[in-house]
Amino acid sequence: MNTRNGKKLASVIGAVCATVLTLSSSAAQAATAESDHSDTLAALKAFQAAAGPGAAVHAGNGSESWTLSAGTGTVNANRPVKADEHIRIGSQTKTFTAVVVLQLAEEGRVSLDAPIDDYLPGVVTGNGYDGTRITVRHLLQHTGGIGAYTPSPGLKTPPSNPDGTFNLSAVVRYALDASPPVSAPGEGFTYSNTDYYILGMLIEKLTGQPVHKAVTERVIEPLDLPHTLFPAPGDRALPTPAVNGYHGVRVGSFHVWVPAVSHDPSLFSSTGAMVSTLEDLSAFYQALATGKVLSAKSLAEMRTARQVNTGTGYGLGLQTYEPSCGGTARGHSGGVPGYETFTLTMDDGRYVSIVTNLLMQVGRPDAQLRQLMDTALCEDAPQRD
């Protein structure tokens, strides 16, 4: 046999063997995770059966991590959802946006209790709004009385630029005109994407940068989150590897899936445009919880939550949840066409990050999602007396 051909054959055989070993190792790890976390797997399967084509949970306790998957990341294929695959994280973007605002407050460039009109004069006006009465803190905590607005690609959207992108100022104006105030500033809680569009404008005004660059340079790069990005306007592509997102409906065992409509990230911007992975999201919220992102004072401000429902609250861009095993978990949920996500961390190192590749508009599996979060966080923790 020719020596050169022999070397080539040996190289091919080596590569094939390495691939087989890698696949075998991945399968073995998945089987071990399923065996060791059977309660969470059962909760995941129940969630996925009421959610999208696929779902996954990535969890850990500070010393180890594990991932479980149910269903598929690609319709008509057997493709488990993995923790290192890119997903659109929706409103988990809000926590990143809030971090930058709090950093700017640490630098003395903004006061949380100052009216937003001090920094963006004339922006929060019209349709009953008065930006001289709505503070930056109100916006961060959804207590400014601003009505809810959720963009829908191709439907509830402001006029776009010729290239299909959207200006933050245009989105804010459209959202304020579409939804009048629901309460006086400071008197109630209304979750509103508009709050975080306005905060995006604030970041751009104070930093002189587009909001996607400010978040990237101040949060993503310093934390070395390799698979997290805040796409620039016009950058619609989802990096590979990626979980495919879908629209669809479920009626009992019947379901229909179609690929999610493509949209420009600038439509969601500082309220929901970012892309990440379950692994990176877990790392981000752990870094935030351990003081690697904000000062102790700013973190305490961020964690000061207003009760929303029994066992849940909202701080400054940070949701709180009380698991059945005690303590407080903090993080954020996210929903954007094709994806529903949730990440929570606890101070003792436990964390959970979840995705399903469908954002349901009716019949949302909220109870199954809560059960999955609770089981993943509590399976190794003592129960309350």
Side-chain angles (χ1 to χ4, degrees), residues 89-99 101-102 110 112-117 119-120 123-152 155-158 168-203 267-273 301-322 330-337 340-342 359-362 364 366 369-370:
I89 68 172
S91 286
Q92 291 197 56
T93 302
K94 289 181 172 69
T95 309
F96 289 80
T97 298
V99 162
V101 173
L102 288 164
V110 63
L112 299 184
D113 295 310
I116 188 62
D117 199 69
Y119 306 101
L120 298 173
V123 170
V124 184
T125 57
N127 201 20
Y129 289 107
D130 181 359
T132 67
R133 299 180 60 212
I134 299 172
T135 67
V136 175
R137 188 186 302 276
H138 287 150
L139 297 173
L140 286 165
Q141 199 163 30
H142 299 295
T143 55
I146 293 179
Y149 164 70
T150 300
S152 180
L155 296 174
K156 295 189 295 181
T157 61
L168 259 176
S169 58
V171 178
V172 167
R173 186 68 265 155
Y174 180 91
L176 292 173
D177 289 343
S179 301
V182 294
S183 66
E187 289 189 1
F189 175 90
T190 300
Y191 186 89
S192 177
N193 291 312
T194 309
D195 293 329
Y196 276 74
Y197 286 125
I198 297 169
L199 291 170
M201 288 186 66
L202 175 66
I203 290 170
L267 177 60
F268 292 90
S269 189
S270 46
T271 198
E301 293 259 28
M302 194 176 204
R303 288 180 159 203
T304 302
R306 178 188 183 115
Q307 182 173 336
V308 177
N309 293 304
T310 302
T312 66
Y314 202 96
L316 306 186
L318 206 58
Q319 293 174 321
T320 63
Y321 168 76
E322 297 177 6
R330 299 177 177 88
H332 213 288
S333 58
V336 73
E340 182 173 4
T341 66
F342 213 130
L359 179 63
M360 300 185 76
Q361 302 301 324
V362 295
R364 293 168 63 95
D366 293 335
L369 176 60
R370 286 193 298 271

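Residue indices begin at 1 and follow the sequence shown.
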Criterion side-chain contact (heavy atoms from CB on, under 4.5 Å) on Arg364 and Leu359, from CA distance to verdict: CA-CA 8 Å; Arg364 293 168 63 95; Leu359 179 63; 3.4 Å; yes

Test item: Thr93 side-chain N/O and Gly90 main-chain N/O as donor-acceptor pair under 3.5 Å: yes

Ala98 to Met302 - nearest heavy-atom pair and separation: CB-CE, 3.9 Å

Value rounded to 0.5 Å, distance of CG in Leu168 from CE in Met201: 7.0 Å

Asp195 side chain vs Leu140 backbone, donor-acceptor pair below 3.5 Å: no

Shortest non-hydrogen contact from Gly131 toward Pro115: O-CB, 3.6 Å

Minimum heavy-atom distance between Val336 and Gly272, given as atom pair plus value: CG2-O, 4.2 Å

Student check: side-chain heavy atoms of Gln141 and Thr304 closer than 4.5 Å: no

Distance-minimising heavy-atom pair for Leu176 and Val124: CD1-CA, 4.0 Å

For Arg137, all residues meeting salt bridge (Lys or Arg N to Asp or Glu O under 4.0 Å), sequence neighbours excluded: Asp113, Glu301

Candidate pair Leu112 and Leu102, rule side-chain contact (heavy atoms from CB on, under 4.5 Å), full reasoning: CA-CA 8 Å; Leu112 299 184; Leu102 288 164; 3.8 Å; yes

Donor-acceptor contact present, side-chain Arg173 to main-chain Ser169, <3.5 Å: no

Inter-residue atom distance Ile198.CD1 - Asn193.CG, 0.5 Å rounding: 11.0 Å

Non-hydrogen atoms of Pro181 and Tyr129 that approach each other most closely: N-OH, 3.3 Å

Flag, side chain of Ser179 to backbone of Ala148, donor-acceptor distance under 3.5 Å: yes

Pairwise distance OH(Tyr321) to CZ(Arg370) - rounded to 0.5 angstrom: 7.5 Å

Thr312 (side chain) donor-acceptor with Asn309 (main chain) under 3.5 angstrom: yes

Close side-chain approach of Val136 and Val110, heavy atoms under 4.5 Å: yes

Whether Gln319 side chain and Gly313 backbone form a donor-acceptor pair below 3.5 Å: no

Expected output: side-chain Thr97 to main-chain Ser270 donor-acceptor under 3.5 Å: yes

Ile89 backbone acceptor or donor facing Thr341 side chain under 3.5 Å: yes

Gap separating the OH atom of Tyr197 from the OG atom of Ser192, nearest 0.5 angstrom: 9.5 Å

Interatomic distance, Ile146 atom CD1 to Tyr196 atom OH [nearest 0.5 angstrom]: 11.5 Å

Pro158 and Leu267, any side-chain heavy atoms less than 4.5 Å apart: yes

Contact check, side chains of Glu340 and Leu369, non-hydrogen atoms, under 4.5 Å: yes

For Ala175 against Thr194, the heavy-atom pair lying closest together: CB-OG1, 3.3 Å

Rounded distance (nearest 0.5 Å) linking atom CG of Leu139 with atom CG of Leu202: 8.5 Å

Polar side-chain atom of Ser269 near backbone of Thr271 as donor-acceptor pair, under 3.5 Å: no

Parallel, tilted or perpendicular: ring planes of Tyr191 versus His142, cut at 30 and 60 degrees: tilted

Side-chain donor/acceptor of Thr135 to backbone N/O of His138, under 3.5 Å: yes

Pair Phe96 + His332: ring centers closer than 6.0 Å: no

